[in-house]
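For reference, positions follow the sequence shown, starting with 1.
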Amino acid sequence: MAGGGESVWAIDAHELVKSYRGRRRGDPPIRAVRGVSLSVPAGTIFGLLGPNGAGKSTTVRMLATLSRPDSGSATVAGHDLLRSPWNVRRAIGIVSQKSGADLDASGRENLLLQGRLYGLGGAPLARRADELLARFDLVGAADRLARTYSGGMLRRLDVAIGLVQRPAVLFLDEPTTGLDPHARAVMWDEIEALTADGLTILLTTHYLEEADRLATQVAIIDSGQVVVEGTPDALKSELRGDAVDVDLDAEPTAAQAEDLRARLTALPGVVEVVFDGWAVRTRVDEGAAKLPAIFAAVDGAGLSVVAATVARPSLDDVYLRHAGHRLGRREEVA
Ligand SMILES: Nc1ncnc2c1ncn2[C@@H]1O[C@H](COP(=O)(O)OP(=O)(O)OP(=O)(O)O)[C@@H](O)[C@H]1O
């Protein structure tokens, strides 16, 4: 018997495939997910990243039993997705991007309603609701209609609703889209704290910094396939060197650019030089230590430095390298 909890993997998916019918008759099928495999250790946060249409939602919908894979297999919380979908359903919580809260009910009522859907009731459910209201800092607003909540409060209520039945695995779809920076930081702390109780979270996000901050492991998905997977640090350390950007006092002429490129590439540790208008962007091993030599090269080419920055490669750079383009971000809706 497949019991929840004993498996090392909270989610173990192999070669999931899903196509949709084309929009019109005769259109080829849309291959939304083309062989996605994921292994998520219990008690960790796994970040699924990718642009619009990459196949993230389809992957999550399959793992959450909301859509049947064309082929492939998976276990979620130790239960086989295809053979025991009801067991999977009982072991998971889903927080979609669109709020699932009833705006005409209070926060507390929303939690009680969700609990009843899962067959809970009486004093244990009332206690669970109180516990979640306290955990998500909603005690003061517990008996107010959800429609009076701020965006951050509503998102916290959404997560609380997803947790009423104590799931082993929580699917969190873009939990901070549309939140202001303060509300986002609060939400990040809340999400991080959830894993302390052993909860496993599959987080889909457009924010690379969100995945970097929260996820133990990330997978970048593009055109229905995982293009790269690893810990944020391992992925970033694959990119050699620091990003050293130097703003110049003028756009270099072709001769100056050529001269500067030669001077820079002659320096030990410089692995890339790109001219970009009035700036020169370089990737340099131990970038901070090389700044004086870089400044001297700029001087030598007859140019002056206006400003310079040294940064470690970000998950953004990793994404660019593997997906071949920057991750498009959605407009923020406050
Ligand atoms: N029900 C559907 N019928 C037809 N095509 C669909 C359906 N759902 C998704 N698709 C298509 O499948 C592909 C993958 O979509 P999916 O929603 O999984 O991507 P996503 O990475 O979640 O994108 P987003 O970030 O926009 O939610 C897209 O080309 C999309 O248009």
Practice item. Could you please spell out the steps behind the salt bridge (Lys or Arg N to Asp or Glu O under 4.0 Å) verdict for Glu131 and Arg128? Key: CA-CA 5 Å; Glu131 201 178 292; Arg128 180 69 178 149; 2.6 Å; yes
Point to revise | Lys98 with Asp158: basic N within carboxylate O range, under 4.0 Å | key: no
Point to revise | Asp259 vs Gln256 side-chain heavy atoms within contact, under 4.5 Å | key: no
Practice item. Examine distances only and state if a side-chain atom of Asn110 and a backbone atom of Asp102 form a donor-acceptor pair shorter than 3.5 Å. Key: yes
Exercise for review: List the atom of Leu199, the atom of Val169, and the distance in Å for their closest heavy-atom pair.
Suggested key: CD1-N, 4.1 Å
Review point. For Thr176 and Glu210, does a side-chain donor sit closer than 3.5 Å to a side-chain acceptor?
Key: yes
Point to revise | Stepwise side chain to side chain contact (heavy atoms under 4.5 Å, CB included) test for Leu260 and Val298 | key: CA-CA 6 Å; Leu260 180 52; Val298 170; 4.1 Å; yes
Review point. Below 4.5 Å, heavy atoms only, C-beta onward: do Val164 and Tyr118 meet side chain to side chain?
Key: no
Check your understanding: Is there side-chain contact between Tyr207 and Thr177, with heavy atoms separated by less than 4.5 Å?
Key -> yes
Review point. Asp245 side chain to Thr309 main-chain N or O, any donor-acceptor pair under 3.5 Å?
Key: no
Check your understanding: Out of Ile45, Leu63, Leu172, which one pairs with Leu202 under the side-chain contact (heavy atoms from CB on, under 4.5 Å) rule?
Key -> Leu63
Practice item. Measure from the side-chain N and O atoms of Arg34 to the backbone N and O of Gly224, and report whether any donor-acceptor pair falls under 3.5 Å. Key: no
Check your understanding: Do Val88 and Met62 belong to the same hydrophobic cluster, where Ile, Leu, Val, Met, Phe, Trp and Tyr are linked whenever their side-chain heavy atoms lie under 4.5 Å apart, directly or via other members?
Key -> yes
Check your understanding: Linking I/L/V/M/F/W/Y whenever any side-chain heavy atoms sit under 4.5 Å apart, do Val274 and Val271 land together?
Key -> no
Review point. Do other residues, nucleotides or ligands put more than 12 heavy atoms under 6.0 Å from Glu272 CD?
Key: yes
**Study point:** N/O donor-acceptor pair under 3.5 Å between Lys56 side chain and Pro51 backbone
**Key:** yes
Review point. Going only through I, L, V, M, F, W and Y residues with side-chain contacts under 4.5 Å, is there a path from Ile92 to Val36?
Key: yes
Study note, to complete from the structure: Of all heavy-atom pairs linking Leu125 and Leu112, the shortest is CD2-O, 3.4 Å
Exercise for review: Could you please spell out the steps behind the salt bridge (Lys or Arg N to Asp or Glu O under 4.0 Å) verdict for Arg283 and Asp242?
Suggested key: CA-CA 5 Å; Arg283 194 171 295 285; Asp242 296 315; over 6 Å; no
Practice item. May I ask you to decide if Gly300's main-chain N or O and Arg263's side chain share a donor-acceptor pair within less than 3.5 Å? Key: yes
Check your understanding: Any donor-acceptor pair under 3.5 Å linking the side chain of Asp180 with the backbone of His182?
Key -> yes
**Study point:** Between Asp173 and Ser96, a side-chain donor and acceptor under 3.5 Å
**Key:** no
Review point. Given side chains that start at C-beta, do those of Leu82 and Pro69 come closer than 4.5 Å, heavy atoms only?
Key: yes
Review point. For Glu190, does its backbone N or O pair with a side-chain atom of Arg135 as donor and acceptor, under 3.5 Å?
Key: no
Review point. Between Arg155 and Pro175, is there a donor-acceptor pair closer than 3.5 Å when you use the side chain of the first and the backbone of the second?
Key: yes
Check your understanding: How close do Ala32 and Tyr20 get, heavy atom to heavy atom, and via which atoms?
Key -> CB-CE1, 3.6 Å
Point to revise | Atom CZ of Arg31: over 12 foreign heavy atoms under 6.0 Å | key: no
Check your understanding: Donor-acceptor pair, Arg108 side chain versus Ala129 backbone, under 3.5 Å?
Key -> no
**Study point:** For the student: nearest non-hydrogen atoms of Trp9 and Pro41, plus distance
**Key:** CE3-N, 3.5 Å
Review point. Which heavy atom in Asp104 sits nearest to a heavy atom in Leu145, and how many Å separate them?
Key: O-CD2, 3.5 Å
Point to revise | In one Ile/Leu/Val/Met/Phe/Trp/Tyr side-chain cluster, 4.5 Å: Leu154, Leu163 | key: yes
Check your understanding: So does Glu258 have more than 12 non-hydrogen atoms from other groups sitting under 6.0 Å from CD?
Key -> no
Practice item. Look at the side chain of Asp249 and the backbone N and O of Ser304, then say whether any donor-acceptor pair between them is shorter than 3.5 Å. Key: yes
Point to revise | Closest heavy-atom pair and its distance - Ala91, His79 | key: CB-CD2, 4.3 Å
Check your understanding: Quick one: does Val280's side chain get under 4.5 Å of Val273's, heavy atoms only?
Key -> yes
Review point. Within a strict 4.5 Å, meaning less than it, do heavy atoms of the Val244 and Leu291 side chains meet?
Key: yes
Check your understanding: Does a sphere of radius 6.0 Å around CZ in Arg83 hold more than 12 heavy atoms from other residues, nucleotides or ligands, not counting ones at 6.0 Å or beyond?
Key -> no
Practice item. Please check if Val305 and Leu264 belong to a single hydrophobic cluster, counting links between Ile, Leu, Val, Met, Phe, Trp and Tyr side chain heavy atoms closer than 4.5 Å. Key: yes
